[in-house]
Amino acid sequence: MLDILRRIVQEVSSVTELSEALKVVVARIREAMRTEVCSVYLYDPETKRYVLMATEGLKEEAVGKVSLSSSQGLVGLVGTREEPLNIDNAPAHPRFQFLPETGEDPFLSFLGVPIIHHKRLMGVMVVQQRDSRQFDEGEEAFLVTMSAQLAGVIAHAEATGNILHIPKTPSEQKKSARFNGAPGAPGVGLGVGVVISPAADLASVVDREPESITDELARFDQALDAARNEIRKLGGQLEGELRPEEMALFDVYLNMLDDNALGAEVKAAIQRGNWAQGALREVVMEYVGHFQMMEDVYLRERATDIMDLGTRILAHMQGAEVETSEDDYPDATILVSEELTPAMLGEVPTHKLRALVSVKGSSNSHVAILARAMGVPTVMGAVDLPYAQLEGIDIVVDGYRGLLYSNPNEELREQYQAIYEEEQALAEDLEGLLHQPAETLDGHRIPLLVNTGLITDALRSLDRGAEGVGLYRTEVPFMMKDRFPSENEQQKIYREQLEAFSPNQVTMRTLDVGGDKSLTYFPINEANPFLGWRGIRVTLDHPEIFLVQVRAMMKASEGLNNLRIMLPMISNVSEVDEALHLIYRAHVETLEEGFHVEMPQVGVMIEVPAAVYQIPDLVQRVDFLSVGSNDLTQYLLAVDRNNPRVADLYQAFHPAVLMALKKIVDEAHAEQKPVSVCGELAGNPMGAVLLMAMGYDSLSMNATNLPKVKSIIRGISKEWSEQLLAEVLTMESGQVIASTMQLMLEKAGFGRIIGPSVR
Ligand code: PEP
Ligand code: MG
């Protein structure tokens, strides 16, 4: 049976049209189960009816015409009860509905199973037989298994527009569709889709013997030069947006094109007797294949960069139109691509760019990192998006939740327009808000800090009134390079952050790679990376990396002394002891080298449930604690923070998370040590209210959310937030807590700041 199932699934996956897939399914199932009829009815939520979509055994003409309401027939019953119905005399059942159009009257046995995807009823699958007999257990199990497989196929078809295509005609204009991805950069963007596709098709290039090797070499050199200039130019267009250090990313691309790297290999392939285009395909595809095989998402993404470069060179060889002009882009451009690259980002004039959408990639993709630094709302990993259909379509991008709406209806558009305007207004009010403290109506002050990665983030956050850096993710500058940065290079990068915020504190986290973040030049391939070699575990195993980094931080702080060092992913006190030992050693070495620096404060991140239960032991070893609520939520709830399939279970307001947060702050304060939160929850206006009420000493968040949090804090009293906290701590569901918070803040007049309802 497993074999039949596998074959059917394979056959179905190779068909692109849903109607074809359904035809294959009903034919194969009827054959495999040796029944007389197999049919699929799909549920149309708009008409609330089950429509016969495919049949083998009933009248073909009935397909697409016959439908049943939820309260009609045995099909309706299976759908309502959401469980199989297996009977040997269907016409005798009180719910039997005779449908003359299908010619089904002679069939007595009936087995119907619901088709359910992620709790959503998609339809009903039915097999029927003339004789009166009960289908056996094995047959029922087979159909249930088949239906579970089919549910995924239908959901995919629906998402990719095979059923629910992007409406184009005026009569369809009202139909909006929502697609899920992952948040790449916060903010909302409204505009018109511009789909950017590669200028040439590398994969389709054939091998060919060259007439003259010298000519081919010259042709390649010319195209390579042109591609180099193009990358330089695209990078140059972002110059006003990014700092020179961050342009290093474009140097990495230029290096890939270097005569000693990709360039040399293509030339060797030409020398071996392939024409330039074929040689280019040969080399690029080999690299791409190599990177794509890597389990690590981040490394797989390097395949994209190489493909992008290869395509650009090919386009030059083929004389394709590669230049775009400002006029090619509408005033409010939503840039959409199967896989966005930083170079593509440079193609749109920044004043016209409202948002970015990429089908592939994650929040750790280079393009997402740059988008965050530039403040461009971004959705990544929208895998089910029929992106090619989005050209010229109205789009709303919600970078906070990782959602995209095509053809948004009036109500939705208004909601998002209001948020957009509120953000603009807040940005304008910043002048006023900038120097105001985050202080409640009853005089409670809570410093709002910013999370940074690039120096651009840091500078942008200064305009937004950040009172220091609560989390500097040092892995970000590491990810922008093609090798470990030297101690000197690191020192320079860190100095900029420290100087920008001096005399305010900058909390630098030691290298946090592993999990979903890795370095091309330091690959980590593991079956279970979030439970593997990540954060402090990696750096303690590589004291040479750790010591270089810590010394660079200390040297960078000379004369400023506003550095704090923070350790990620601590799950054992011994890790803290070992790290402290290395930090002291680095301090001594730094002093010996003649630098005059004070020993910085050291803190521990609370991100792992084990650490929650050892707060007293941890806190007495260090100067401060900071909660990484993103990882803490992921590990407490056992829900991958990047997996859209379980996104609904990733509940930031889950009672267990709130109780852990409360315990951490209470126990840290019992030892008179300060504690902050630097995960996304701190930048969520509703989360910030609860964290302040719990007593957290500071909150660190992305620069986009900072003004929102500040304006809410300035509009409420600490006492009110404490009442709210007491109320939600009695609740047992994360969803109920989130909606209560939403409601309470809306009632208090902050509806526009917190945005549309939470997931
Ligand atoms: C966290 O886990 O909450 C955190 C701040 O660290 P990161 O998101 O970089 O893992
Ligand atoms: Mg973390």
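When a ligand or atom number is given, it counts from 1 through the structure's own listing order.
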Residue from Gln490, His587, Glu487 passing side chain to side chain donor-acceptor pair (under 3.5 Å) with Arg551 | Glu487
Contact check: Asp512 to the Mg ion (ligand 2), N/O/S below 2.8 Å |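 Of the N, O and S atoms in Asp512, none lies under 2.8 Å from the Mg ion (ligand 2), which means no.
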Do [X] and [Y] come within less than 4.5 Å of each other through their side chains, counting heavy atoms only?
X	Y	answer
Asn705	Asn684	no
Leu448	Ser698	no
Val379	Pro183	no

So which bit of [X] gets within less than 4.0 Å of ligand 1, heavy atoms only: side chain, backbone, both or neither?
X	result
Met569	neither
Arg641	side chain
Leu471	side chain
Glu680	neither

Say whether Lys517 and ligand 1 are in contact under the criterion: heavy-atom distance to a ligand atom below 4.0 Å.
-> yes
Which of the atoms in ligand 1, numbered in the order shown and given with their element, are less than 4.0 Å from a heavy-atom of [X]?
X	answer
Glu607	1 (C), 2 (O), 4 (C), 6 (O)
Asp631	1 (C), 2 (O), 3 (O), 10 (O)
Cys678	5 (C)

Starting from the Mg ion (ligand 2), look over the N/O/S atoms of Asp631 and name the nearest one.
->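 The Mg ion (ligand 2) is closest to the Asp631 atom OD2, counting only N, O or S.
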So which N/O/S atom does Glu607 have closest to the Mg ion (ligand 2)?
-> OE1
Could you tell me if the ring centre of His542 sits under 6.0 Å from that of Phe522?
->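 Yes, close enough.
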Find out whether the Lys NZ or Arg CZ of Arg509 is both under 6.0 angstrom from the six-membered ring centre of Tyr472 and within 45° of the ring's axis.
-> no
Show your reasoning for whether side chain to side chain contact (heavy atoms under 4.5 Å, CB included) applies to Asn630 and Tyr650.
-> CA-CA 10 Å; Asn630 306 337; Tyr650 186 91; 3.9 Å; yes
CZ of Arg585 to CG of Leu580, rounded to nearest 0.5 Å, is 14.5 Å
Is any N or O atom of Arg509, backbone or side chain, closer than 3.5 Å to an N or O atom of ligand 1?
->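 Min N/O separation from ligand 1 is below 3.5 Å for Arg509.
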